[in-house]
Amino acid sequence: MKLLRSFKLHNDKIWSIDYSSGLLATASSDLRIKILRIGDIGSDDIDEKNKENDDDDNRLLDELDDSAHKKTIRSVAWRPNSNILAAGSFDSTISIWSKEDYQEDEVAGNNFSMDLLAIIEGHENEVKSVAWSQDGYFLATCSRDKSVWIWEADEVGEEYECVSVLQEHSQDIKHVVWHPTQNVLASSSYDDTIRVWKEFDEDWECAAVLNGHEGTVWCSDFEHSSVEKNDSMRLCSGSDDAKVKVWKFDGVNEDSEDIWICESTLPPVHSGPVYSVCWNDDGLIASAGSDGVIAIYKEDETLKGKWNCIEKNEKSHTFFEINCIKWIKNNNDETLLLSASDDGHVNMWNVNKN
Amino acid sequence: MSEFINENPEILDDSQLPTRKNDANDLLLGISDSIANLERKNLLLKIDNSVESEVLQNIELLDKLLALQPVPLLVSDADENESTDMEDDLEESDPIDRQEIFDLIASISDPEHPLSLAQLAIVNLNNIEVIDSGKRDEIAHVIVRITPTITHCSLATLIGLGIRVRLERSLPSRFRIVIILTKGSHQSENQVNKQLNDKERVAAACENPQLLGVVSNMLSTCK
């Protein structure tokens, strides 16, 4: 894999990044959220001259008001098909920001700015992850208070009604993620499990508990399968036990509980906690963590469930830990990888698909 | 005195604690300042690429030197004391050894007793492990095993946090720090270990003003 760009954005850890319609958002311990325009960068853009002339300041569209949160910003998420951003903080609140009718060419006028729309309170302590459902209708948040909250949002993003508080994890919850096409949620926890949640009769219930990791589960991500069928649902997960696993939905038992099995444990690559995993449209899984390694895995074309590591990129942020990776699609619909690290940088990578 | 969790801990005298004195590395790290060592330092300073270099002709010394990449700063610092000089050097040079780690954490105060962690034998030299190539662009590891004075010590997590904060502030970022309890030293060993090594929990703890206040007090006795 090739490094396309390295953006120095924060003076402290970057915990989380999200990308939508050409815009990158970052969450950092320095209490700042930055919005960067990066959608124009492509894989062929490796000309050193371009890199040198490319000023980070030019790309920086906005730096959100750092008085909104009193502690570390832990997680950011763009609402699908909108210009609304949610941010979760260790100060136990969630902030909602918006920019109305943003067009890419407005950038030239440099009038991009996001305003604080709402502050959501409810969690007892640190919020660790925020995620929007694919239709943008629900916002899921999780916290050290061992609960996942599901909020129903109005169209403009100003009003939030809590529709469910899920308290079945026995320890703090590190991460939540929605299925890319269905209203199914997965939560990863310090209790070493992943729980899968579904809507039943206007309430949310735990459909399955995924046991198998031998340490905190830091992150999970659903497969972006082109087949939109329930029976092909899969999830990958990264854990403190240094392993990446793939889980598969395997039907429903007599008590009408979902059965999930651990389909594969990916080839061991990492030597420390895996903080982030991400599954892309082409079926590749990327993982990254404390050891600074970014690994890319590809499934065997004939033998489903057998995975090979096709790339192991060491020192991706020199000796710093990587907290978050994300596959993105640039303006030309090209798939690229972003990584965010304790060094305050976001790196942009072009990954060879084979 | 019943407010103490452990009323009668065993206490070591400062003179029993390990110091740099007997360490064979002294020769090259240039910490003790005997005349012989100063001469060796002067010799090292004469390194150049010419064949005539005294050092290059002295294979034994050269071997030692190569083991210490990158080459340490060899200033003649007869007046500088050990601790200040050490912290500055961490950024640039030598592989870090367990004595250095011990020196960083030994004088942290116990949150309960007016004594240091070393005096209470909560930390000791043999329970520190360092894996460090000395290369500035490579990840290095420090493992500190701590032994609380009693097996139900509710302050174990706090002590561990104090050690972690001290090391994170003092060591270069390439160090990954692992703090665990010595086997069998605590009733909830796994629970405490997990908490002490959870990056996110540690980060959140460090933003908690009360907790940070206690930790600062513990670290106020550090040299």
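Convention: sequence-line order gives letters A, B, ...; per-chain numbering from 1. As the structure is a prediction and not an experimental result, all values here were calculated from the model.
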Got more than 12 heavy atoms from elsewhere within 6.0 Å of NZ, B/K183?
no
Can you measure from CZ (B/R176) to OG (A/S271) and round to the nearest 0.5 angstrom?
8.5 Å
For the CD atom on B/E168, are there more than 12 heavy atoms of other groups (residues, nucleotides or ligands in this structure) within a distance under 6.0 Å?
yes
Taking only Lys NZ, Arg NE, NH1 and NH2, and the carboxylate oxygens of Asp or Glu, determine whether B/K194 and A/D192 approach each other closer than 4.0 Å.
yes
Portion of A/N323 that has a non-hydrogen atom of chain B nearer than 4.5 angstrom
side chain
salt_bridge(A/R144, B/E200) N-O dist < 4.0 Å
no
What part of B/A140 is in contact with chain A, defined as an atom under 4.5 angstrom from a non-hydrogen atom: side chain, backbone, both or neither?
neither
Which portion of A/K13 sits near chain B, non-hydrogen atoms under 4.5 angstrom:
side chain
Chain B contact residues among residues 314-322 of chain A, heavy-atom distance under 4.5 Å
A/K315, A/F319, A/F320, A/E321
Okay, A/Y275 and chain B: the region with an atom under 4.5 Å from a heavy atom over there is side chain
Sub-4.5 Å heavy-atom contacts with chain A: which residues of residues 122-130 of chain B show up?
none
Could you tell me if B/K199 sits above the aromatic ring of A/W15, with its cationic atom closer than 6.0 Å to the ring centre and no more than 45 degrees from the axis?
yes
Rounding to 0.5 Å, atoms CG (B/D198) and CG (A/D240) come to a distance of 7.0 Å
Quick one: are B/R201 and A/D172 in side-chain contact, heavy atoms under 4.5 Å?
yes
Residue pair A/S29 / B/E207: nearest heavy atoms and the distance that separates them
O-OE2, 4.5 Å
Counting only non-hydrogen atoms closer than 4.5 Å, does B/Q195 touch chain A with its backbone (N, CA, C, O), its side chain (CB onward), both, or neither?
both
Which one wins on heavy-atom pair count under 4.5 Å against chain B: A/S290, A/P273, A/G272?
A/S290
